[in-house]
Amino acid sequence: MSTEEKLTEERLAKAEKLRELGVDPYGGRYDDVTRTATVRKRGETLKLEAGAMVEGERARVAGRIVLQRVMGNLVFLTVRDGTGDLQFGLSKKALRDDWPAIKLLDLGDFIGCDGCLGKTKTGELTLWADSFTMLCKALHPPPAKWHGLKDVELRYRHRYVDLFANPPVREVFRQRSTIIQAVRDYLIRCDYIEVETPALQPIYGGAAARPFTTHHNTLDIELFLRISPELYLKRLLVGGMERVFEVSRNFRNEGLSTKHNPEFTMVELYEAYADYNVMMERVEGMTALAIERLDGNPKRPYGEVVLDYSVPWSRRKYSDLLEEYAGVSMADVAAVRRKASELSIDHAGKDDAVVVNEVFERTVEHHLIQPTFVYDYPAAVCPLTRRHPEDPNIALRFEAFVNGMELGNAYTELNDPRVQEANFKRQLAGENETMAVMDEDFILALEYGMPPAGGLGVGLDRLVMLLTNSASIRDVILFPLQRPR
RNA sequence: GGGGGCGUAGCUCAGUCGGUAGAGCAUCGGCCUUUUAAGCCGCUGGUCGCAGGUUCGAGUCCUGCCGCCCUCACCA
């Protein structure tokens, strides 16, 4: 038997002894629990004297035992709930008949206690228990109490352990919830409504990525997990829903990295009668509200740098940045290809616009540290975007960059069905994946008439990374993809 | 896919030049009614990621494989 199996056996034996004592080791409904944060707050207002117990100031608290200090007939437990830790004091004298069960407790078990609030000699707020309820016997020991769980692989594979053993991890996910709620609230304030569109799509589109493929048995059809909700949300504009957003889990069958997980969360939104300039304000606005809900500080550390999210963010034209960092003009195709060769980018047989964009990605993006909107992209790589009124080679598109990472992507939307159809039919040379996948029903929708609109997608995992100073997307996704063992 | 790093007890980590696998915590037994990573005494606990190879002898050296992390490439 391995050590781990032995530890489990010992705990199972204790569960059995609890049953013999008439105690259900797995508990049950437990009402009127006060969270430890509330108890701590109450402790402050009580102005307890060290060593004092306040008769009548009662509380019922439940949580997981994370530390145990046994002193013969007196036991101190540090109990953790979702809001923090609280010390329980359990004595043989106060608990009487419950005492034998106390001696069967282990680190990791869930318990609940009723008692009076007090402070120990050393001033620690303590719940002095006079009754005890077993809520769950844990069969595995928690990680080392001081070091927590450090092994990165175990942290992701057993995230549940990571969450209770490493409180800062739980805090990141609480902040994730705050941030996403702020994004929703901001959009609702802007008169948007939240919608849901298909994650299972017969035709995938709206982004350039390889899809996951699946099959519906009854209809016997091939379906794709969405790479983007874009084409469905635009159909809602046709339908007269003028401001819509979706918090969308997207699936892209691509590589993994600190910035990429095969399934990730975007907020995507469309606003009739707006354009991409309005969408820049939406990015600034949702980010600002999220920061307000966190700690209010627009200057935020991220790794080695401090990022300043103060509004307005920098707005830079694509072609100017290309000149500045690559030293070539977007219009000078020969110069761009020379630069590509210099960078050992294989550009033979690739479309000009594809080469321009590859040079841009290699030379410019990593310089865009402070929040920056890059606008006016080469039209050929933007099949869903309206063209610049004065230059058909430019698309009214921007991408938001922070710390060299793409955070969002927005267009003044293309609503001319004939141009859209032509763009779908045009397959660019040198693109492995393309946004230009023909969707005839989408064309039909545009033919019914889609109001001019601005559209935007923001990577919420990446926004959470940036605002919580997390180095990897895996630190902000509860269960990042891992190869099964 | 390329390059680099890591994998030793349940957890956190040592392990020297190739020479009998270690510590702390947890567990188990004992003492203890004000501890704060409680303390003290004692005992347990190992397929050194897996498989080969070199060697009298491999946790250590070599090869292959597996997993994870970083990075580049790919990829919005």
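Since the model is a prediction, treat every value here as computed from it, not as a measurement. The chains referred to below are lettered A, B, ... by the order of the sequence lines, with proteins before strands, and numbering in each begins at 1.
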To the nearest Å, how far apart are [X] [atom1] and [N] [atom2]?
X	N	atom1	atom2	answer
A/Arg474	B/U71	CZ	C1'	12 Å
A/Ile102	B/U33	CD1	P	16 Å
A/Leu149	B/C25	CG	C1'	14 Å
A/Leu7	B/U44	CG	P	16 Å
A/Glu4	B/G49	CD	P	17 Å
A/Lys14	B/A26	NZ	P	12 Å
A/Ile473	B/C68	CD1	P	17 Å
A/Gln68	B/A37	CD	P	15 Å

Considering only heavy atoms from C-beta outward, does the side chain of [X] approach that of [Y] to under 4.5 Å?
X	Y	answer
A/Asp352	A/Val336	no
A/Met279	A/Phe398	yes
A/Val356	A/Leu322	yes
A/Ile227	A/Asn250	no

Practice task
Using a heavy-atom cut-off of under 4.0 Å over every strand shown, decide if A/Gly459 touches base, sugar-phosphate, or nothing.
Solution key: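 Nothing: the residue A/Gly459, judged by heavy atoms under 4.0 Å, touches no strand.
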Practice task
Using a 4.0 Å heavy-atom cut-off across all strands, classify A/Glu399 as base, sugar-phosphate, or nothing.
Solution key: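 The residue A/Glu399 makes base contact.
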Considering only the [atom1] atoms, how many Å lie between [N] and [M], rounded to the nearest integer?
N	M	atom1	value
B/U20	B/G57	P	15 Å
B/C11	B/G64	C1'	31 Å
B/G22	B/U34	C1'	36 Å
B/A26	B/A38	C1'	15 Å
B/G59	B/C66	P	23 Å
B/C70	B/A51	P	28 Å
B/G67	B/G24	P	36 Å
B/C25	B/G39	C1'	14 Å

Protein-nucleic acid N or O pairs under 3.5 Å, nucleotides 2-6 of chain B:
none

Problem - Of residues 256-267 of chain A, the positions that come close to RNA chain B - non-hydrogen atoms, cut-off under 4.0 Å - result: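 Hits under 4.0 Å, by residue number: A/Thr258, A/His260.
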Any strand is fair game: report the nucleotide pairing with [N] by Watson-Crick or G-U wobble, both distances under 3.5 Å, or none.
N	value
B/C32	none
B/U47	none
B/G67	B/C6
B/A14	none
B/G19	B/C56

Counting heavy atoms from C-beta on, name the nucleotide in [options] closest to the side chain of [X].
X	options	answer
A/Met71	B/G10, B/U35, B/C28	B/U35
A/Thr126	B/A38, B/U35, B/A9	B/U35
A/Lys150	B/G10, B/U36, B/U12	B/U12
A/Val70	B/C32, B/A26, B/U44	B/C32
A/Arg362	B/U34, B/U36, B/A73	B/A73
A/Glu124	B/G10, B/C25, B/U36	B/U36
A/Lys93	B/C69, B/C28, B/U33	B/U33
A/Arg483	B/C28, B/U35, B/C68	B/C68
A/Leu67	B/C69, B/A37, B/U12	B/A37
A/Leu74	B/U12, B/A37, B/U33	B/U33

Exercise for the section: Report yes if a donor N or O on one partner sits less than 3.5 Å from an acceptor N or O on the other, where the partners are the side chain of A/Ser91 and the base of B/U33; otherwise report no. Expected result: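 When only heavy-atom distances are counted, A/Ser91 does not reach the base of B/U33 through any donor-acceptor pair under 3.5 Å.
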Exercise for the section: Give a yes or no on whether a donor-acceptor pair under 3.5 Å exists between the nucleobase atoms of B/U35, that is its base, and the side chain of A/Gln87. Expected result: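 Looking at the base of B/U35, it does pair with a donor or acceptor on the side chain of A/Gln87 (distance under 3.5 Å).
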Check the side chains of [Y] and [X] for a donor-acceptor pair under 3.5 angstrom, ignoring hydrogens and angles.
X	Y	value
A/Thr36	A/Arg40	yes
A/Tyr276	A/Asp376	yes
A/Asn261	A/Arg474	no
A/Glu246	A/Thr197	yes
A/Asp475	A/Tyr156	yes
A/Ser131	A/Asp114	yes

With 3.5 Å as the limit, what N/O pairs link the protein to nucleotides 20-24 of chain B?
none

Handout entry: Closest-nucleotide ordering on RNA chain B, the 5'-leading residue of A/Arg11 and A/Asp151
Key =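 Final value for this comparison: A/Asp151.
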Exercise for the section: Assign each of A/Ala207 and A/Ser472 to its nearest nucleotide of RNA chain B by heavy atoms, then name whichever residue's nucleotide is nearer the 5' end. Expected result: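 It is A/Ser472 whose nearest nucleotide is closer to the 5' end.
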Tell me whether the OP1 or OP2 atom of [N] has a side-chain N or O from [X] closer than 4.0 Å.
X	N	value
A/Lys145	B/A26	yes
A/Arg69	B/U35	no
A/Thr120	B/U35	no

Side-chain donor or acceptor of [X] paired with backbone N/O of [Y] under 3.5 Å:
X	Y	answer
A/Glu254	A/Arg210	yes
A/Gln420	A/Pro383	yes
A/Arg316	A/Val374	no

Problem - Shortest non-hydrogen contact from A/Leu256 toward A/Pro262 - result: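 Closest approach of A/Leu256 to A/Pro262, heavy atoms only: CG-CD, 4.0 Å.
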Handout entry: Passing candidate, side chain to side chain donor-acceptor pair (under 3.5 Å) with A/Thr78, options A/Gln87, A/Arg69, A/Glu124
Key =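 That would be A/Arg69.
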Practice task
Determine, for A/Phe173 and A/Arg176, whether the Lys NZ or Arg CZ falls below 6.0 Å from the six-membered ring centre while staying within 45 degrees of the axis.
Solution key: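 Checked: cation-pi criterion not met.
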